Amino acid sequence: MKKTIILCSIIAFVAILVLFSACYTVQEDQYAYVVRFSKVEKVETSAGLHFKVPFIDSVQYFPKNIQLYDLAPSDVLTSDSKAMSVDSYVLWKISDPMTFYKSLGSISEAQNRLDAATYNALKNIISTISQDSIITPSVDDGRNDLNVTVHEQVKAATADYGIEISDVKIKRFDLPEENETAVYQRMISDRNQIAEKYRAEGESEATIMKNEVDKQVNIIVSDAKAKAEETVAEGESEYMRLLAEAFNTPEKEEFYIFMRSLETLEASLKGDKKTVILGNDSELAKILQGVK
C-alpha cells in the first residue's frame, strides 16, 4: 500500500511538471515566439494561456507596443562644414514578428540598426543645410521639413526588418567647439565602437554555433556507442543461445565441460610456474591420472 502511494505521488509530480512545462501565457502587449531547436515554430499574438511541447519548445517574448529609443547625441557637419551635435529619439514597434526575429532577433539589435539608420539620415540631411538655417528660426533653409525627411529615410532604411517607425524627432541641436579634427575623431571612434560591438556579437554567435555543433557531435557519438554496446550484447546473447543448442544433451554437455577444463589447464600452465593443484574429485585430475 505504501509503495502504491509513493508511486502515485511520483506519477502526480511528473504529470504536474509536464503540465507546467507545456503551458505558457501571453500578455496583451507581447508577442510569444515558440522556438524548437533554434527554429521558430509559431508566433503567438493573442493574449491568454497557450500550450507547447514540454521540455522541447522554449518561449521568447517581445513587446508588441510602441517602443521609445532615445539615441545618444551624435556629431554631424552642416553644409557649410560647421560641426553640430544632434540629440534625437525614435518611436517604433514590431510590425512583422517573424521577419523581425529572422532579421534582427533581439531588441538590442533593433536599437543598433535604428541608431545606424538614424545617424546616417541625420548626417546626409544636415550636410545639405547650413548652420544658420538650423540655429536661426527666421531662416528657412530646409529645417522645417527636417523631422519629416529623417523619418522617411529611417523608415525606408528599416523596411526589411519587420518593424514600423512611428516617428523620428530631433530633440536638441548643440554647438560644439569649432574643432573639426576632434569632431571627426569622435565620429571615427563611435563608428569603431559599433564595429567592435558587431565583431564581438559575431564572435559570440560563432561560439554559440560551435558549442551547438560540439553538443550534436557528442550526442551522435554517444548514440553510436550505445548502439554498438547493444549490438555486442545481442551478439553475446545469440552466441549463448547457439552454444546452448549445440550442447543440448548430457554427452555434449560433458564434452563441453571437458574441453573448457582443458582450456583452463592450458591457460594455467603458461609462464614460468608449471604446477597445478587439483583435488581428488576433479574430473580433470582423474583423466590425467588415467582413472576412468
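Given the structure is predicted, the values throughout are model-derived calculations rather than measurements. Side chains are part of it too, since the values below use all heavy atoms of this structure and drop only hydrogens, waters and symmetry mates.
Proximity of a side-chain donor or acceptor of S127 to a complementary backbone N or O of N124 within less than 3.5 Å is detected. For T99 (side chain) and D96 (main-chain N/O), no donor-acceptor pair under 3.5 Å exists by modelled atom type. At distances below 3.5 Å, not a single donor-acceptor pair connects side-chain atoms of S222 with backbone N or O atoms of N218. The backbone N or O of G162 lies less than 3.5 Å from a partner atom in the side chain of S95, making a donor-acceptor pair. Under a 3.5 Å cut-off, the side chain of N120 and the backbone N or O of A116 do form a donor-acceptor pair. One N or O on the side chain of S79 and one on the backbone of S130 form a donor-acceptor pair closer than 3.5 Å. Distance alone, capped at 3.5 Å, is enough to place a donor-acceptor pair between the T231 side chain and the K227 backbone. Under a 3.5 Å cut-off, the side chain of Q30 and the backbone N or O of Q27 do form a donor-acceptor pair.
Within the model, atoms CZ of R36 and NZ of K42 stand 9.5 Å from one another, a figure rounded to the nearest 0.5 Å. Once rounded to the nearest 0.5 Å, the distance linking CD1 of I125 with CD of E152 reads 8.5 Å. Here CZ of F173 is found 4.0 Å from CD1 of I126. Values are rounded to the nearest 0.5 Å. The line from OH of Y198 to CD of Q193 is 13.0 Å long, rounded to the nearest 0.5 Å. One finds the CZ atom of R199 at 8.5 Å from the CG atom of N192 (value rounded to the nearest 0.5 Å). Note that the OH atom of Y69 and the CG atom of N112 stand 6.5 Å from one another [nearest 0.5 Å].
I170 is connected to M84 through a chain of hydrophobic side-chain contacts under 4.5 Å among Ile, Leu, Val, Met, Phe, Trp and Tyr, so both are in one cluster. By the criterion of side-chain heavy atoms lying less than 4.5 angstrom apart, applied directly or through intervening Ile, Leu, Val, Met, Phe, Trp or Tyr residues, Y101 is grouped together with I107 in one hydrophobic cluster. Note on L91 and L114: separate hydrophobic clusters, where clusters join Ile, Leu, Val, Met, Phe, Trp and Tyr whose side-chain heavy atoms are under 4.5 Å apart, directly or indirectly. Hydrophobic clustering of Ile, Leu, Val, Met, Phe, Trp and Tyr side chains at less than 4.5 Å, counting indirect connections, keeps F37 apart from I208.
Other residues, nucleotides and ligands contribute over 12 non-hydrogen atoms within 6.0 Å of the CE atom of M98. Surrounding CD of E234 are more than 12 heavy atoms belonging to other residues, nucleotides or ligands, all under 6.0 Å away. By the neighbour-count criterion of 12 heavy atoms within 6.0 Å, atom CG of D160 is sparsely surrounded, having that number or fewer from other residues, nucleotides or ligands. For K155, the NZ atom sits in a loose shell: 12 or fewer heavy atoms of surrounding residues, nucleotides or ligands are nearer than 6.0 Å.
Side chains of Y161 and R113 form a contact here, defined as non-hydrogen atoms less than 4.5 Å apart. Between I165 and V90, the closest side-chain pair of non-hydrogen atoms falls below 4.5 Å. A heavy-atom distance below 4.5 Å is not found between the side chains of Q67 and F62.
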**OP:** Start with the C-alpha gap between T118 and V168, add the side-chain angles, then the distance that decides, and say whether side-chain contact (heavy atoms from CB on, under 4.5 Å) holds.
**Re:** CA-CA 8 Å; T118 305; V168 180; 4.3 Å; yes

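The residues D214 and K210 are annotated as salt-bridged, a charged nitrogen and a carboxylate oxygen being separated by less than 4.0 angstrom. With respect to K171 and D87, a salt bridge is recorded, a charged nitrogen being found less than 4.0 Å from a carboxylate O.
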